[in-house]
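The next block holds one structure in the form of structure tokens; read it before the comments.
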Amino acid sequence: MSYNFKAVEKKWQDTWDKEGTFNASYDYSNEKKWYGLVEFPYPSGQGLHVGHPRPYTALDIVARKKRLEGYNVLFPMGFDAFGLPAENYAIKNHVHPKIITKQNVDHFREQLKSLGFSFDWSREVNTTDPDYYKWTQWIFIQLYKKGLAYKTTMPINFCTGCKVGLANEEVVNGVCERCGSEVVQKEKSQWMLRITKYAQRLIDDLKDIDFLEKIKTQQINWIGRSEGAEVKFKITDSDKELLVYTTRPDTLFGATYMVVAPEHSIIKELKSKITNIEEVEEYKRKASLKSDFERSELNKEKTGVEIKGIKAINPVNGKEIPIWISDYVLVSYGTGAIMSVPAHDTRDYEFAKKFGLDIIPVLEGGDISKEAFTEDGTHINSDFLNGLNKEDAIEKITNWLEEKKIGERKVNYKLRDWVFSRQRYWGEPIPMVYCEECGWTPIPEEELPLKLPEVENFEPGENGESPLAKQTDWINTTCPHCGKPAKRETDTMPQWAGSSWYYLRYMDPHNDKALASKEALEYWSPVDWYNGGMEHTTLHLLYSRFWHKFLYDIGVVPTKEPYQKRTSHGMILGSNGEKMSKSKGNVINPDDIVEEFGADTFRVYEMFMGPFDQVANWSMESVRGCFKFLDRVWNLQQFLVDGDTYTQETEKMMHSAIKKVSSDIEEMKYNTSVSTFMTMVNEFYKLKRINKAEFKTFLILLNPFAPHITEELFEVCGFDGPISSNKWPEYDEAKTISDEVTLPIQFNGKLKGTISIIKDESEDSVKEKVHKAIDSKLEGKTVVKEIYVKNRIYNIVVK
RNA sequence: GCGGAUGUGGCGGAAUUGGUAGACGCGCUGGUCUUAGGAACCAGUGCCAAUGGCGUGGGGGUUCAAGUCCCUUCAUCCGCACCA
């Protein structure tokens with residue numbers, strides 16, 4: 001009797017779809033709320049990847065369990081549908097991205113439904129829907145009004161393939177994260193978001209939320225806070241000063257030269273004094289041709305040119321020191337200029353060695369003839385700092401600098417402002433208008449959404465301009481401020497815009513007065529549990545925390561943080577341990593698995609394949625094992641008998657299983673939950689019987705993992721269904737422990753045998769039993785000591 | 001280089017958090033049933049010169065007892081990478 005998963009799964013999916021109430025969440029219910037969130041997919045043309053269902057199944061399991069526990073659950077799904085692939089497809093095939101996006105979304109939705117996820121589809125959102133992006137644009141205008149959105153001309157990362165500007169976060173190993181093309185620097189006027197203003201809060205508030213430690217660490221490292229001082233160096237024969245940032249002001253006495261970034265303004269400012277200006281300009285020119293990647297790739301050999309004709313004056317000892325230009329100093333960090341202390345900084349040391357510059361040690365310890373000494377030590381050659389350690393010296397010199405007004409304390413962050421413009425069509429139009437008289441002005445909020453105009457040709461412009469730049473009808477408008485002719489912004493927002501706040505929209509997805517009502521936000525905030533990929537830690541996750549904090553500041557949302565808990569899943573690789581890709585021919589299509597084995601098998605397998613947070617290789621054999629398991633579950637029917645519990649042993653098994661599965665689900669140890677189910681099934685097969693109450697409990701426990709087969713069995717066995725109207729079973733701790741204990745006996749920690757004892761049996765009685773069982777093996781040995789750990793182990797120390 | 005993680009049978013992985021290492025699944029071996037089986041069921045399966053010994057990447061240590069704690073070392077994977 002093999003079970004017909006196709007018919008059964010279709011039947012239950014139709015039921016869930018029709019009812020509409022099964023997965024629905026109720027606003028402002030009196031029940032405790034639980035909001036579980038998984039990252040909404042980009043609906044690509046390839047359809048669902050086997051990687052998507054792993055986190056979806058995991059949180060679906062939690063959501064289903066929470067419902068059975070009586071929570072009012074919000075577990076929504078939507079589509080992050082703006083993005084380059086749809087646009088590139090449009091360029092190639094002359095189909096509007098809107099059309100291809102709709103097709104893809106429909107396909108994705110169908111695939112997701114075929115896996116039996118309990119999403120509340122009545123709350124589906126789509127970032128490309130004007131009713132949705134109206135609010136994305138609205139948030140942008142608020143950011144603009146508060147001075148957090150600004151336009152500036154700056155060198156940006158420009159992808160030569162996508163012909164689009166990229167945020168730092170989107171450049172991976174010098175190439176475009178999305179298409180792999182080379183990224184070059186290009187001067188462009190760009191909209192920027194001042195995420196740096198939130199840097200400190202983005203670090204500080206992590207302490208109040210439950211994110212995996214590695215996620216917190218990664219965000220903190222990305223933000224890259226450092227404490228130090230800014231110090232002014234006078235320049236000879238000039239009223240100009242060179243400002244540097246250093247985390248080691250205590251090493252000022254060892255500063256033997258300065259280095260400025262190629263783009264530093266001092267070169268232009270003191271051009272007339274520089275005697276080798278041609279050489280310096282040539283170095284600048286060469287550096288500007290290199291991408292950031294090339295610059296860092298060449299980091300083995302440092303390059304540079306001395307700027308002749310000017311010198312800097314070390315403020316602590318009045319010494320004149322040379323100024324160099326080198327691309328190992330970055331214009332975008334600190335002040336774009338550094339003081340070099342070759343004795344105590346590895347990079348400076350390398351540079352000084354190469355160009356024969358002075359190396360003066362100011363801390364004791366280490367051997368500067370060999371390498372830079374970067375550890376703590378006692379200061380020497382440092383006048384009033386002599387004898388102090390690093391920490392004390394930093395404190396003393398910083399105070400001194402502040403007193404003398406030649407420097408001050410300063411905190412720096414690696415985090416840069418967010419490049420928010422994309423020169424593409426398929427994104428949210430930036431709702432700004434440029435007027436010759438009034439400058440940039442946001443469009444009036446009542447005109448939102450500013451819809452994308454219909455265009456024929458999606459090719460980007462020659463100069464990397466947005467396709468919108470060709471839409472003269474759309475561009476030409478009037479200034480909302482003075483009414484004179486003005487032009488619209490033709491750049492669009494990056495893909496990260498719509499996903500920065502989508503979790504809020506799910507709370508109240510059809511609201512046309514606000515991004516969500518106050519009541520809905522109050523009731524559902526924050527997201528209780530958000531699971532997503534590690535690759536989004538420094539992109540989406542950081543961006544959305546930033547937007548959320550901003551919305552909190554302007555009184556739109558009630559919590560400081562969007563997500564109370566964040567976990568992460570491991571990637572699914574091909575059976576050969578490599579990333580799935582068409583070229584490697586190791587791609588698994590979820591549809592094929594569902595077709596051959598059914599959704600329940602697919603779900604159970606993805607949970608069983610390994611620890612949820614670690615990478616896992618796909619294994620077709622293991623899929624079959626899970627299929628076989630469900631088949632055995634189905635055939636348990638044949639052993640069904642009336643009654644609550646069969647024996648004390650089965651009772652113990654049931655209570656232990658409830659305990660184990662309940663905690664496993666909360667701890668994301670789904671793989672051991674599945675093995676618990678398998679062990680139980682094996683046991684019932686051995687007994688060739690299963691009591692009704694036991695089967696019922698078993699089915700409820702298994703339901704979140706394999707919802708279709710369990711509902712069907714519930715019905716077939718005449719239990720009071722559906723399972724979704726039942727309660728999650730409870731266990732009795734006392735019944736998870738049996739009265740009989742198998743006690744291991746060891747000699748020197750090595751197992752020699754076991755005996756059976758009664759739980760909590762007296763030590764004397766245990767000892768007697770142990771010796772009766774084991775004395776023959778003690779011949780010729782001397783017993784030194786005997787250790788009994790109650791109900792646990794009996795260890796005899798012998799010689 | 002910095003940061004994070006992971007090393008356990010032929011394979012994927014368990015291990016009550018210091019107390020019987022290898023649960024569960026795959027694979028393999030044997031059996032039952034069968035015209036047949038890439039089906040089902042039952043039994044076995046860490047390794048070895050097997051009444052014993054050895055075993056959680058390697059080496060050392062703490063302990064009655066170590067996969068688990070400490071020191072050290074190697075390997076692999078993932079982030080970030082001249083951040084002053």
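Naming convention: chains lettered A, B, ... in sequence-line order (proteins, then strands); numbering from 1 in each chain.
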When the C1' atoms of G52(B) and U63(B) are compared, how many Å lie between them, rounded to an integer? 26 Å

For M571(A) and U6(B), give me the distance from atom CE to atom C1', rounded to whole Å. 15 Å

Closest nucleotide among C54(B), G19(B), A40(B) to the R792(A) side chain: G19(B)

Here the distance between atom C1' of G25(B) and atom CE of M607(A), to the nearest Å, is 16 Å

Using a 4.0 Å heavy-atom cut-off, does S619(A) contact any base of the nucleic acid, only the sugar-phosphate backbone, or nothing at all? nothing

Round to the nearest Å and state the distance from E535(A) atom CD to C80(B) atom C1'. 16 Å

What nucleic acid atoms does V797(A) come within less than 4.0 Å of, heavy atoms only: base, sugar-phosphate, or nothing? sugar-phosphate

With rounding to the closest Å, how many angstrom separate the C1' atoms on G22(B) and G7(B)? 16 Å

With a cut-off of under 6.0 Å to the ring centre and 45° to the axis, is R603(A) in cation-pi contact with F705(A)? no

Watson-Crick or G-U wobble partner for C47(B), using a 3.5 Å limit on both distances? G53(B)

Nearest-neighbour nucleotide for the T247(A) side chain, A84(B), A15(B), A43(B) considered: A84(B)

Heavy atoms only, 4.0 Å cut-off, all strands: where does Y685(A) land among base, sugar-phosphate and nothing? sugar-phosphate

Length of the line joining I793(A):CD1 and U16(B):P, which is rounded to integer Å: 14 Å

What contact category does N671(A) fall into here, base, sugar-phosphate, or nothing, at under 4.0 angstrom with non-hydrogen atoms? sugar-phosphate

RNA chain B: 5'-proximal contact among K752(A) and E596(A) (nearest heavy atom): E596(A)

Could you measure between the two C1' atoms, the one in A75(B) and the one in A66(B), and give it in whole Å? 22 Å

Within less than 4.0 Å of OP1 or OP2 of C26(B), is there a side-chain N or O belonging to K628(A)? yes

Round to a whole Å and report the spacing from CE of M678(A) to C1' of G13(B). 12 Å

Salt-bridge test for R409(A) and E395(A): reply yes if a basic N is under 4.0 Å from a carboxylate O, no otherwise. yes

Can you tell me the distance, in whole Å, between the CE atom of M620(A) and the P atom of G12(B)? 18 Å

Less than 4.5 Å apart, any side-chain heavy atom of L541(A) and any of I215(A)? yes

From CG (D613(A)) to CZ (R54(A)), nearest 0.5 Å: 8.0 Å

Rounded distance in Å - NZ (K216(A)) to P (A5(B)): 14 Å

Taking the side chain of T742(A) as its heavy atoms from C-beta onward, which of U20(B), G19(B), C42(B) lies nearest to it? U20(B)

Could you check whether N682(A) gets within reach of a base, just the sugar-phosphate, or nothing at all, counting any heavy atom under 4.0 Å? sugar-phosphate

Using Watson-Crick or G-U wobble geometry with both distances below 3.5 Å, tell me the partner of G30(B), or none. C42(B)

When both hydrogen-bonding distances must be under 3.5 Å and the geometry is Watson-Crick or G-U wobble, what is G3(B) paired with, if anything? C78(B)

Take atom NE2 of H536(A) and atom P of G79(B), then tell me their distance rounded to the nearest Å. 13 Å

What is the pairing partner of G25(B), taking Watson-Crick or G-U wobble pairs with both distances under 3.5 Å in any strand? C11(B)

R632(A) near the nucleic acid: base, sugar-phosphate alone, or nothing, with a heavy-atom cut-off under 4.0 Å? sugar-phosphate

CD1/I690(A) to OG1/T650(A) distance, rounded to the nearest 0.5 angstrom? 9.0 Å

Given U6(B), G19(B), C24(B), identify the nucleotide with an atom nearest to the side chain of Q614(A). U6(B)

Separation between the C1' atoms of A15(B) and U32(B), rounded to whole Å: 34 Å

Roughly how far apart, to the nearest Å, are U72(B) and G4(B) at atom P? 15 Å

Among C64(B), C54(B), A84(B), which nucleotide sits nearest the side chain of N795(A)? C64(B)

What interatomic distance, in whole Å, is found between P of A23(B) and the corresponding atom of U45(B)? 10 Å

Complement of G18(B), any strand, by Watson-Crick or G-U distances under 3.5 angstrom: none

Taking a pair to mean Watson-Crick or G-U wobble geometry with both distances below 3.5 Å, G67(B) pairs with none

Taking the side chain of P611(A) as its heavy atoms from C-beta onward, which of G13(B), A15(B), G25(B) lies nearest to it? G13(B)

Closest heavy-atom pair, I325(A) versus V259(A), reported as atoms and distance to 0.1 Å, is C-CG1, 4.3 Å

Using the P atom in both, what is the distance from U68(B) to U56(B), to the nearest Å? 9 Å

Check against salt bridge (charged side-chain N to carboxylate O under 4.0 Å, His left out), E227(A) and K410(A): CA-CA 6 Å; E227(A) 283 176 30; K410(A) 174 85 183 172; over 6 Å; no

P-based separation of G58(B) from G10(B) [nearest Å]: 14 Å

Between C24(B), C41(B), G79(B), spot the one nearest the side chain of Q218(A), thanks. G79(B)

Can you tell me whether the base of G9(B) sits syn or anti, using the 90° cut around 0 to define syn? syn

Options G19(B), G4(B), A21(B), nucleotide nearest the side-chain atoms of T217(A): G4(B)

So Q746(A), base contact, sugar-phosphate only, or nothing? Heavy-atom distance under 4.0 Å. base

Check against ring pair (Phe, Tyr, Trp, His ring centres under 6.0 Å), F597(A) and F602(A): CA-CA 7 Å; F597(A) 302 100; F602(A) 187 86; 9.9 Å; no

A23(B), syn or anti by chi within 90 degrees of zero: anti

If you find the nucleotide of RNA chain B closest to I787(A) and the one closest to S332(A), which residue's nucleotide is nearer the 5' end? I787(A)

Using only side-chain N and O atoms of T538(A), determine if any of them is under 4.0 Å from OP1 or OP2 of C80(B). no

Is a donor from one side chain sitting under 3.5 angstrom from an acceptor on the other, for S575(A) and N617(A)? no

Closest listed nucleotide, where the reference is the side chain of Y328(A) and the choices are A15(B), C82(B), C41(B): C82(B)

Pair of N/O donor and acceptor under 3.5 Å linking C80(B) base with K414(A) side chain: no

Heavy atoms from C-beta onward define the side chain here; which of A84(B), A23(B), G3(B) lies closest to that of N221(A)? G3(B)

